[in-house]
Chemist: 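Submitted below is the structure of interest, expressed as structure tokens.
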Amino acid sequence: MEFNKRYGRALVPAFALAGATMLPRIASAEDAVSAEMFTVNNLWMMIAAALVFIMHLGFATLETGLTRAKNGTNILFKNTFIISAGILTYAICGFNLMYPGEFNLIGGVFGFAGFGVAADSAAQSVAYADGNYTYWTDFLFQAMFAATAATIVSGAVAERIKLGSFMVFSVIFVAIVYPIAGSWKWGAGFLDAMGFYDFAGSTLVHSVGGWGALAGAMILGPRLGKYSGGRIHPIPGSNMPMAAIGVFLLWLGWFGFNGGSVLNADANLVSLTLVTTCLAAAAGGMVACFVSWGVSGKPDLSMALNGILAGLVGITAGADQMAMMSAIAIGAIAGAIVVFSVIFFDRIKIDDPVGAISVHLTCGIWGTLAVGIFGAMASPTQLWHQFVGVVCYGVFAFGSACALFFAIKATMGLRVSEDEEIEGLDLGEHGMHCYDFTPAGGGVLDQVTGGGKPVPVATTSLASERS
Amino acid sequence: MEFNKRYGRALVPAFALAGATMLPRIASAEDAVSAEMFTVNNLWMMIAAALVFIMHLGFATLETGLTRAKNGTNILFKNTFIISAGILTYAICGFNLMYPGEFNLIGGVFGFAGFGVAADSAAQSVAYADGNYTYWTDFLFQAMFAATAATIVSGAVAERIKLGSFMVFSVIFVAIVYPIAGSWKWGAGFLDAMGFYDFAGSTLVHSVGGWGALAGAMILGPRLGKYSGGRIHPIPGSNMPMAAIGVFLLWLGWFGFNGGSVLNADANLVSLTLVTTCLAAAAGGMVACFVSWGVSGKPDLSMALNGILAGLVGITAGADQMAMMSAIAIGAIAGAIVVFSVIFFDRIKIDDPVGAISVHLTCGIWGTLAVGIFGAMASPTQLWHQFVGVVCYGVFAFGSACALFFAIKATMGLRVSEDEEIEGLDLGEHGMHCYDFTPAGGGVLDQVTGGGKPVPVATTSLASERS
Amino acid sequence: MEFNKRYGRALVPAFALAGATMLPRIASAEDAVSAEMFTVNNLWMMIAAALVFIMHLGFATLETGLTRAKNGTNILFKNTFIISAGILTYAICGFNLMYPGEFNLIGGVFGFAGFGVAADSAAQSVAYADGNYTYWTDFLFQAMFAATAATIVSGAVAERIKLGSFMVFSVIFVAIVYPIAGSWKWGAGFLDAMGFYDFAGSTLVHSVGGWGALAGAMILGPRLGKYSGGRIHPIPGSNMPMAAIGVFLLWLGWFGFNGGSVLNADANLVSLTLVTTCLAAAAGGMVACFVSWGVSGKPDLSMALNGILAGLVGITAGADQMAMMSAIAIGAIAGAIVVFSVIFFDRIKIDDPVGAISVHLTCGIWGTLAVGIFGAMASPTQLWHQFVGVVCYGVFAFGSACALFFAIKATMGLRVSEDEEIEGLDLGEHGMHCYDFTPAGGGVLDQVTGGGKPVPVATTSLASERS
């Protein structure tokens with residue numbers, strides 16, 4: 001059941017030559033699969049890409065819900081920026097960095113968006129990926145993955161990082177660090193050759209993002225007041241429906257994240273993957289709910305929600321090969337781990353406003369190791385390979401993220417001023433509020449009717465000062 | 001056009017034997033359908049499962065929006081719990097209870113999640129359901145349905161039921177009551193043999209949930225103050241955008257709920273079903289809008305939203321066989337019925353915070369009877385069969401729900417204290433707020449900056465008391 | 001790569017005759033495509049319809065987020081009404097007006113919902129649209145498009161238009177203006193014959209809606225206080241997470257809006273379309289973010305969000321034929337245009353609360369012209385054809401909308417009273433609030449516990465005055 005996302009670059013020299021040729025619209029008789037199977041395979045991969053896309057809305061609403069209202073606009077801005085920047089940088093260089101063929105800067109690294117690939121390029125031929133999907137679909141699906149790693153970091157550094165600094169970090173992380181890390185396994189690199197297995201990215205996506213989150217949270221330090229006076233002062237979220245929307249959308253998106261990682265529409269393998277994914281999510285949610293209830297004495301919604309995400313991250317590395325009971329066990333263990341991980345990071349005073357490190361890093365590691373413990377590949381050797389992979393990715397991702405954050409700290413600065421943090425990043429960075437539920441709802445009518453509320457900076461108009 | 005969801009268990013003995021065999025990955029020439037058709041059928045059923053999944057977010061946001069802000073966390077927690085518990089219990093026993101083969105506790109009732117079904121089981125063979133979908137897909141689609149029935153109850157008992165009591169009720173309801181009821185028709189039971197027809201669950205899902213909602217609302221009694229002083233005191237919702245998100249997501253989910261109930265991707269039947277579904281939803285929304293406008297003198301958003309749901313529930317029993325005009329008529333009548341049903345239940349002092357009884361029970365009965373009045377199956381005999389089905393499900397579902405609620409009331413207690421109800425279940429049950437839009441946004445900075453606001457219990461950290 | 005949505009009516013006489021025939025369930029050997037290809041093509045078109053459906057939730061949340069809290073219920077009501085009314089009127093007459101065959105009121109214009117098309121009609125034959133989709137799917141996909149044009153108007157006239165007046169306008173706009181305009185190109189009309197090209201509706205949907213928005217905003221005049229004292233007073237949005245949800249859902253919906261406009265599941269063409277769509281969206285978001293940052297000195301979330309929409313609208317006319325760099329360029333230019341267009345309309349005192357005119361009209365025109373500048377069809381002749389199309393649609397859509405708005409103004413009146421506008425349309429038109437985050441959350445318990453807050457009109461109960 002082993003597979004590689006290895007189709008990316010093998011045919012690129014052929015594309016370059018065939019750039020002027022019309023695309024063949026129907027698979028020929030010699031193709032690996034029929035035109036119908038090619039179409040249905042590709043359809044599923046496109047839908048999976050759409051599902052992974054919607055995870056970015058899930059991250060945006062989850063982070064907005066679990067943080068304070070005074071920082072909501074800033075968080076939404078970061079998430080809006082990341083998906084845009086992530087897709088663009090993946091087109092410009094990430095895609096070809098991750099699936100390298102012959103190294104060649106012009107037609108290679110910068111080939112996809114740059115030139116050489118016309119709209120009617122033969123790149124889309126059915127032969128591209130053995131009839132599983134087109135070149136365009138390959139890019140789209142992978143691009144949606146790429147932005148995820150940077151988004152994970154966003155939650156852990158929320159409420160105190162400078163906007164510009166985060167933007168620089170996330171662009172470099174998504175354009176260079178993630179693709180290079182990804183190439184080691186999905187680009188048929190050395191970890192793939194060794195036997196390391198990561199079906200849909202417990203390590204390649206979630207741990208990589210989680211290491212970045214850990215680096216950011218450590219270097220930034222905790223939010224003001226979080227650990228003042230030697231105690232842990234919880235900072236509750238501001239909008240729990242937003243948090244719930246986020247987790248449900250992430251679960252929905254995982255249908256594409258894991259189901260699409262089969263890389264075709266194979267009925268058995270995709271549906272097995274979806275069942276293991278959902279069972280792990282449900283088990284993670286249930287166990288986190290009861291474990292946190294036991295620990296804190298109250299049923300904690302945000303822990304139940306994070307437990308679902310923990311189960312999802314945990315199953316991701318081996319979702320294609322687990323029996324029902326194994327999937328439930330992996331998710332349940334992840335649901336317990338995430339609770340204690342959140343407590344642990346709080347004890348050592350690493351402040352992670354949304355629990356991103358515990359969900360994505362801790363449970364990503366757990367899920368990766370679980371491939372060596374449960375399911376078709378379970379063996380001590382495999383467990384060792386999994387461990388080696390975890391360590392390699394940890395060293396590279398954490399090291400790269402630390403280097404980036406320190407470099408940014410030394411040049412641009414990393415953290416907003418105390419005043420801005422207290423006032424909120426929405427006003428400090430964006431000059432606007434995230435919410436306005438006042439009766440008049442907006443400063444203008446206060447003026448008209450005599451109220452004295454100051455007018456915030458325009459939301460839909462930029463021209464206030466110059467007309 | 002008659003069909004049964006009857007594939008569930010017929011092949012289980014074969015699975016048990018074949019547990020160690022590798023799964024056949026490509027349909028053979030003797031199969032009922034080609035490998036391509038199997039793949040596309042199965043793909044649609046998986047997507048339909050994803051769409052039904054997202055209905056659970058729709059229910060969560062709808063209920064949160066239509067109730068008070070002080071109970072929002074509690075409602076979100078219940079909905080998060082139900083989808084997790086529903087999937088798990090359906091795996092453990094519900095799936096095999098609903099589609100019974102030879103009765104056999106170990107390999108039978110507890111076979112799916114328990115043992116006997118390995119990741120590479122022949123259970124997924126193309127022969128499983130005549131090339132329509134795999135065993136995994138069958139489970140996934142049915143599991144998403146199962147949790148719906150319990151979620152419907154959640155809205156009617158909101159804002160006053162004890163959390164633990166609701167959790168016990170919903171687990172038993174989804175694990176045992178719903179599957180047994182479902183087996184009478186979709187499991188090829190006695191109502192199926194009689195000729196009762198319920199395409200996608202106006203009765204099997206919505207009425208069953210609605211009877212549970214009625215039982216709960218009656219036994220709990222109304223919210224404090226709702227009918228004080230001999231008058232009806234409306235309690236408006238707290239967040240209308242959440243309610244609108246809920247209804248639009250439910251409508252979207254119904255594409256899978258009804259469209260997936262075709263059980264394959266048949267172009268004609270699925271697309272007809274989607275058109276009748278959408279026409280009924282639109283007609284329900286329009287008619288409820290104008291009828292409630294006429295009755296109350298104001299256009300009522302929550303009535304327009306409930307009208308859409310009424311149309312959707314109404315068309316569900318016969319969505320596969322209605323002409324355009326019939327679909328519009330069924331939806332329009334449902335849209336009128338729901339308005340008067342809401343008024344009726346308020347008059348008899350049954351307090352249903354979100355209108356769940358009127359939407360799911362009243363319109364579920366209407367839709368079930370409509371199969372005998374409109375469309376290909378319309379006849380006095382069919383109408384009688386539909387009526388018998390409605391009565392059988394009513395007796396069983398209402399009776400079971402009453403028994404469960406009374407048993408819970410006698411042991412655990414059912415209703416929160418008056419103080420807790422006034423203060424809100426978010427604080428009482430969960431120790432946290434659903435929203436915090438204060439300028440500082442969170443208690444910590446108030447302390448830092450000298451404010452005196454008490455610190456709520458942790459959202460993302462459990463360890464506040466012990467570090 | 002040219003295509004027409006021209007299948008709509010050609011076969012209607014045949015349907016009428018064949019109304020009593022059973023539908024052929026499997027494509028025969030002489031069909032253009034195999035039964036499998038028919039099924040997968042049709043499946044994609046149904047999913048695309050579902051994706052376009054969810055755009056209506058996107059519009060609803062975007063508009064609610066970018067306007068004031070006191071008008072939120074009104075906006076949600078309008079959007080709920082439009083999708084319902086849009087689908088119904090499109091069934092009653094729009095579908096057949098847009099794709100006219102022999103003109104014939106009974107079986108023609110009013111044929112679809114009215115009579116002649118039974119549930120088992122041969123209309124769904126595989127021959128209907130060369131094996132691309134069924135009659136039902138055709139209706140569903142087109143109906144979801146139709147309501148979009150009216151929804152675009154909703155945002156520009158928000159916070160001051162009378163509810164009833166808007167309802168009358170939108171029904172006529174969606175039932176008559178949009179279908180007639182659409183028939184000129186997609187109904188194989190004179191602009192199609194001339195060589196005008198609009199792949200998925202930069203002009204046919206977005207500009208048409210945008211012209212209606214411009215007419216409405218001009219005739220209504222600005223919101224109170226917006227331009228008082230000779231200055232522009234920005235009126236910020238009330239709920240930025242809602243706005244972000246809106247834009248992400250619209251982007252997701254565009255997968256179906258553009259991807260479905262291929263009208264089958266062709267792997268190469270659909271996936272190319274999705275890639276150009278996403279690249280343009282990302283480029284639009286990035287450029288709008290930085291341009292608005294440069295202009296106003298602050299990174300503006302609503303501008304970044306509108307930039308994404310600008311890129312999406314811009315690519316829509318030629319999404320099926322652009323190379324990567326062209327798609328990025330079209331989106332980037334749209335992202336810059338939208339910023340300056342918002343500033344321009346504010347300078348000339350046309351008040352558009354959500355920026356709908358700039359996004360849909362300005363960028364719709366840009367995208368339409370871009371087909372003559374970039375991609376496979378680029379040529380001076382094509383650019384001229386595009387320009388002629390833009391002018392024809394502008395004259396007709398703006399003229400029709402002005403005529404409608406003036407007629408409504410003269411009869412029903414168009415604008416709410418000053419008092420109602422200051423108090424908010426939620427109370428004035430609907431007698432309820434959009435949000436209630438007070439601790440007690442709802443008026444009833446205040447009474448019970450002695451508070452004096454007045455009781456708002458019922459949300460889920462209509463009967464308060466008569467029991």
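By convention in this document, chain letters (A, B, ...) are assigned in the order of the sequence lines, proteins followed by strands, and residues within each chain are numbered from 1.
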Chemist: Does any non-hydrogen side-chain atom of Tyr435(C) lie less than 4.5 Å from one of Pro241(B)?
Modeler: yes
Chemist: For Arg68(B) and Asp436(C), run side chain to side chain contact (heavy atoms under 4.5 Å, CB included): C-alpha distance rounded to whole Å, both residues' side-chain angles, the deciding distance at 0.1 Å, then the answer.
Modeler: CA-CA 8 Å; Arg68(B) 287 167 292 185; Asp436(C) 184 351; over 6 Å; no
Chemist: Checking Leu43(C) against chain B: side chain, backbone, both or neither under 4.5 Å from a heavy atom?
Modeler: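 Leu43(C) touches chain B through side-chain heavy atoms alone.
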Chemist: Which heavy atom in Ser34(B) sits nearest to a heavy atom in Glu36(C), and how many Å separate them?
Modeler: OG-OE2, 2.6 Å
Chemist: Does the side chain of Pro299(B) come within less than 4.5 Å of Leu163(C)'s, by heavy atoms?
Modeler: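 The answer is yes; the side chains approach within 4.5 Å.
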Chemist: Top residue by heavy-atom pair count (under 4.5 Å) with chain C, among Gly311(B), Ala283(B), Gly424(B)?
Modeler: Ala283(B)
Chemist: For the atom pair CD1 (Ile54(C)) and CG (Leu252(B)), what is the distance rounded to the nearest 0.5 Å?
Modeler: 4.5 Å
Chemist: Identify which of Met45(C), Met167(C), Met144(C) forms the greatest number of heavy-atom pairs closer than 4.5 Å to chain B.
Modeler: Met167(C)
Chemist: Side chain from CB out, backbone as N, CA, C, O: work out which of these in Phe344(B) comes under 4.5 Å of a heavy atom of chain C, or both, or neither.
Modeler: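 Neither part, no heavy atoms under 4.5 Å.
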Chemist: Working to the nearest 0.5 Å, report the span between OH of Tyr135(C) and CG of Asn268(B).
Modeler: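 Going from OH on Tyr135(C) over to CG on Asn268(B), the span is 13.5 Å.
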Chemist: Quick one, Met286(B) with Leu88(C), criterion side chain to side chain contact (heavy atoms under 4.5 Å, CB included). Give me CA distance, side-chain angles, the key distance, then yes/no.
Modeler: CA-CA 9 Å; Met286(B) 289 285 276; Leu88(C) 282 182; 3.6 Å; yes
Chemist: Between Val270(B) and Met46(C), is any pair of side-chain heavy atoms under 4.5 Å apart?
Modeler: yes
Chemist: For the interface with chain C, which of Leu301(B), Val40(B), Asn41(B) has the highest count of heavy-atom pairs at distances below 4.5 Å?
Modeler: Leu301(B)
Chemist: Name the region of Phe139(C), side chain, backbone, both or neither, that has any atom closer than 4.5 Å to a heavy atom of chain B.
Modeler: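 It is the side chain, since no backbone atom gets that close.
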Chemist: By a 4.5 Å heavy-atom criterion (distance strictly below it), what part of Thr64(C) contacts chain B: side chain, backbone, both, or neither?
Modeler: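 Contact with chain B involves the side chain of Thr64(C) alone.
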Chemist: Side chain, backbone, both or neither: which part of Trp251(B) has a non-hydrogen atom closer than 4.5 Å to chain C?
Modeler: both
Chemist: So Pro236(B) and His433(C), do their side chains get closer than 4.5 Å, heavy atoms only?
Modeler: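 Result no, sub-4.5 Å side-chain heavy-atom pair not found.
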Chemist: Under a 4.5 Å heavy-atom cut-off, does chain B meet the side chain of Leu249(C), its backbone, both or neither?
Modeler: neither
Chemist: What part of Thr61(C) lies closer than 4.5 angstrom to a heavy atom of chain B: side chain, backbone, both or neither?
Modeler: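 Just its side chain gets close to chain B.
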Chemist: Whether the side chain of His430(C) engages the backbone of Asp300(B) through a donor-acceptor N/O pair (distance < 3.5 Å, no angle test) should be reported.
Modeler: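 Side chain of His430(C) to backbone of Asp300(B), a donor-acceptor pair under 3.5 Å: no, none is there.
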Chemist: Does any backbone or side-chain atom of Leu51(C) lie under 4.5 Å from a heavy atom of chain B? Answer side chain, backbone, both or neither.
Modeler: neither
Chemist: Passes side chain to side chain contact (heavy atoms under 4.5 Å, CB included), Thr80(C) versus Phe248(B)? Steps please.
Modeler: CA-CA 9 Å; Thr80(C) 304; Phe248(B) 276 82; 3.9 Å; yes
Chemist: Short question: side chain of Lys70(B), backbone of Thr438(C) - any donor-acceptor pair under 3.5 Å?
Modeler: no
Chemist: Quick one: does Met240(B)'s side chain get under 4.5 Å of Phe77(C)'s, heavy atoms only?
Modeler: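 They are not in side-chain contact.
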Chemist: Do Ile245(B) and Met242(C) touch side chain to side chain, with heavy atoms closer than 4.5 Å?
Modeler: yes
Chemist: Against chain C, label Ile308(B) side chain, backbone, both or neither, depending on which of its atoms sit under 4.5 Å from a heavy atom there.
Modeler: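 The side chain, not the backbone.
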Chemist: Distance check, rounded to the nearest 0.5 Å: Thr73(C) atom OG1 versus Lys298(B) atom NZ?
Modeler: 12.0 Å
Chemist: I need the Ile47(B) CD1 to Ile47(C) CD1 distance, nearest 0.5 Å.
Modeler: 3.5 Å
Chemist: Report the C-alpha separation of Asn239(B) and Phe437(C) in whole Å, then their side-chain angles, then the decisive distance to 0.1 Å, and conclude whether the side chain to side chain contact (heavy atoms under 4.5 Å, CB included) test is met.
Modeler: CA-CA 8 Å; Asn239(B) 196 335; Phe437(C) 297 126; 4.0 Å; yes
Chemist: Using every non-hydrogen atom in the two residues, find where Ser271(B) and Thr134(C) come nearest and quote the distance to one decimal.
Modeler: OG-OG1, 2.7 Å
Chemist: Go through the atoms of Leu76(C) and report whether side chain, backbone, both or neither lie under 4.5 Å from a heavy atom of chain B.
Modeler: both
Chemist: Could you label the plane-to-plane angle of the Phe53(C) and Phe255(B) rings as parallel, tilted or perpendicular, counting under 30° as parallel and over 60° as perpendicular?
Modeler: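 Geometry flag for Phe255(B) against Phe53(C): tilted rings.
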